[in-house]
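Quick caveat, the model's predicted, so the values are computed rather than measured. FYI, the numbering just counts along the sequence from 1.
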Amino acid sequence: MLRVNGRFLPLVCLLAAGGLAQEPVRIPYDCPEAELQSAGLLCTEQEPCPIYLEINAIAPAGRRILVAGDLHATSGTLTSILLASEDGGATWKEPAPRVAGAAIDRLQVFDHDHGWAAGEIQYPLTRDPFFLVTTDGGVSWRRRDVTEEGGPGSVVRFWFDGATHGQLIVDAGKSAEGGRYALYESETGGESWMIRSATDAQPKLRLAPPSMENSDYRVRAAEGGKTYEIEIRDGEQWRKMASLLIEVASCKLKAPELKEPRPAPLTDDAEPKDYVEEIKLGAPTAQTPASPKKKGSPD
């Protein structure tokens with residue numbers, strides 16, 4: 001099952017036995033009109049808009065697996081996506097609300113309780129870096145912005161060396177005041193962040209390993225670019241755990257129906273007439289007196 005905004009929606013189930021799927025999983029996307037329009041998309045019956053899944057990160061913790069990325073069209077990012085499996089990829093759910101216009105780039109699972117997903121708003125401009133934080137083993141996630149005031153920037157890298165202490169590098173752009181790269185530190189498990197420095201040269205995270213990636217897991221495009229295959233290393237070979245469709249929807253918004261204009265309502269003093277008034281052109285009617293002449297005007 002897949003949970004979207006607190007509701008569980010059915011997904012194509014994967015076979016637990018053997019770890020192979022009967023069919024690839026399709027992430028639900030119901031083409032909300034406001035979301036498509038905010039990305040500048042004009043999706044019609046004649047020219048539908050394909051919507052794609054992008055997987056940017058995978059983080060395992062025992063049999064629990066997290067996969068993160070975004071849903072996007074050809075012209076821009078629509079929403080972030082975070083998927084979780086508690087049975088080694090046999091079934092999936094969506095434990096966190098999607099963030100409009102955002103993508104999640106990086107994941108870290110520290111222990112059975114603590115984990116983080118980092119991303120930023122990507123459409124129309126890269127800005128407002130944020131974290132999704134869990135302290136209950138991924139059952140629930142809460143969003144925490146890096147700064148209260150927001151601003152341009154994207155997450156370059158982060159690392160937590162404990163359940164509460166972590167560091168973060170944000171690329172704020174070449175024109176950022178004080179320096180392009182901002183180094184942040186958290187003593188609250190990602191609930192809040194304090195800036196420590198801003199430099200033009202990218203800093204290093206003191207306690208972070210060379211790479212956050214787990215070499216025993218990988219995500220690759222397969223079937224001619226139609227699916228993502230999540231694989232685990234099995235000796236010298238790779239074994240498929242799950243398969244996710246890359247194209248999740250083809251959005252077609254119906255054109256608004258043209259309706260006949262309603263007749264003007266009758267006022268209280270305007271009753272329907274069953275005759276036609278005769279109006280003589282070029283002279284005042286009997287009911288309409290001639291306009292009085294102004295003083296000094298010729299006869």
Do [X] and [Y] come within less than 4.5 Å of each other through their side chains, counting heavy atoms only?
X      : Y      : result
Tyr29  : Arg98  : yes
Glu229 : Glu223 : yes
Lys226 : Glu247 : no
Ile58  : Leu107 : no
Val109 : Arg64  : yes
Ile81  : Glu94  : yes
Leu245 : Ile27  : no
Tyr52  : Thr74  : yes

About how many Å separate [atom2] of [Y] and [atom1] of [X], when rounded to the nearest 0.5 Å?
X      : Y      : atom1 : atom2 : result
Ile232 : Asp216 : CD1   : CG    : 7.0 Å
Met241 : Arg218 : CE    : CZ    : 13.0 Å
Leu36  : Leu78  : CG    : CG    : 6.0 Å
Ile51  : Asp30  : CD1   : CG    : 11.0 Å
Glu47  : Ser250 : CD    : OG    : 11.5 Å
Glu54  : Ile104 : CD    : CD1   : 13.0 Å

Item to complete: Applying side chain to side chain contact (heavy atoms under 4.5 Å, CB included), run through Ser243 and Ile230 and close with a yes or a no.
Response: CA-CA 6 Å; Ser243 179; Ile230 300 175; over 6 Å; no

Any donor and acceptor pair, going by atom type alone, linking the side chain of [X] with main-chain N or O of [Y] inside 3.5 Å?
X      : Y      : answer
Thr77  : Ala102 : no
Asp111 : Asp113 : yes
Ser80  : Val99  : yes
Asp128 : Glu120 : no
Arg233 : Ser215 : yes
Asp234 : Trp238 : no
Arg106 : Val155 : yes
Tyr123 : Ala39  : yes

Discussion item. One pair to check against side chain to side chain contact (heavy atoms under 4.5 Å, CB included): Arg26 and Leu53. What are the steps and the verdict?
Written reply: CA-CA 9 Å; Arg26 183 189 299 273; Leu53 170 67; over 6 Å; no

If I compare all heavy atoms of [X] with all of [Y], which pair ends up nearest, and what's the gap?
X      : Y      : answer
Gly137 : Glu86  : O-OE2, 4.4 Å
Pro24  : Thr227 : CG-CG2, 3.8 Å
Leu183 : Leu205 : CD1-CD2, 3.8 Å
Ala96  : Leu82  : CB-CD2, 3.9 Å
Lys252 : Glu45  : CD-OE1, 3.7 Å
Gly89  : Ile65  : N-CD1, 4.2 Å

Worksheet item: Can you find a side-chain donor-acceptor pair between Glu187 and Thr164 that sits under 3.5 Å?
Response: no

Worksheet item: Do we see a donor-acceptor contact under 3.5 Å between the side chains of Gln37 and Glu35?
Response: no

Hey, any chance [X] and [Y] share a hydrophobic cluster, counting ILVMFWY side chains that come within less than 4.5 Å of each other, even indirectly?
X      : Y      : answer
Ile195 : Phe130 : no
Val146 : Leu132 : no
Val248 : Leu253 : yes
Val133 : Phe110 : yes
Val25  : Leu71  : yes

Practice prompt. Could you please spell out the steps behind the disulfide (SG to SG under 2.5 Å) verdict for Cys251 and Cys31?
Written response: CA-CA 6 Å; Cys251 295; Cys31 303; 2.1 Å; yes

Worksheet item: Between Met194 and Glu185, does a side chain to side chain contact (heavy atoms under 4.5 Å, CB included) hold up when you go through it step by step?
Response: CA-CA 5 Å; Met194 296 293 294; Glu185 188 171 17; 5.5 Å; no

Discussion item. What verdict does the side chain to side chain contact (heavy atoms under 4.5 Å, CB included) test give for Gln202 and Val156, after you've listed the backbone C-alpha separation in whole Å, the side-chain angles of each residue and the deciding distance to 0.1 Å?
Written reply: CA-CA 9 Å; Gln202 182 175 327; Val156 176; 3.5 Å; yes

Worksheet item: Would you call the rings of Trp116 and His114 parallel, tilted or perpendicular if under 30° counts as parallel and over 60° as perpendicular?
Response: parallel

Item to complete: Tell me, yes or no, whether the heavy-atom count around Glu213 atom CD, taken from other residues, nucleotides or ligands under 6.0 Å, exceeds 12.
Response: no

Discussion item. Please tell me whether Phe158 and Phe131 form a close aromatic pair, meaning their ring centres lie under 6.0 Å apart.
Written reply: yes

Worksheet entry | Derivation and outcome, side-chain hydrogen bond (donor to acceptor under 3.5 Å, both in side chains), residues Thr147 and Asp145 | CA-CA 5 Å; Thr147 62; Asp145 294 333; over 6 Å; no

Worksheet item: Can you name the one residue among Lys240, Arg220, Gln237 that meets side-chain hydrogen bond (donor to acceptor under 3.5 Å, both in side chains) with Glu231?
Response: Arg220

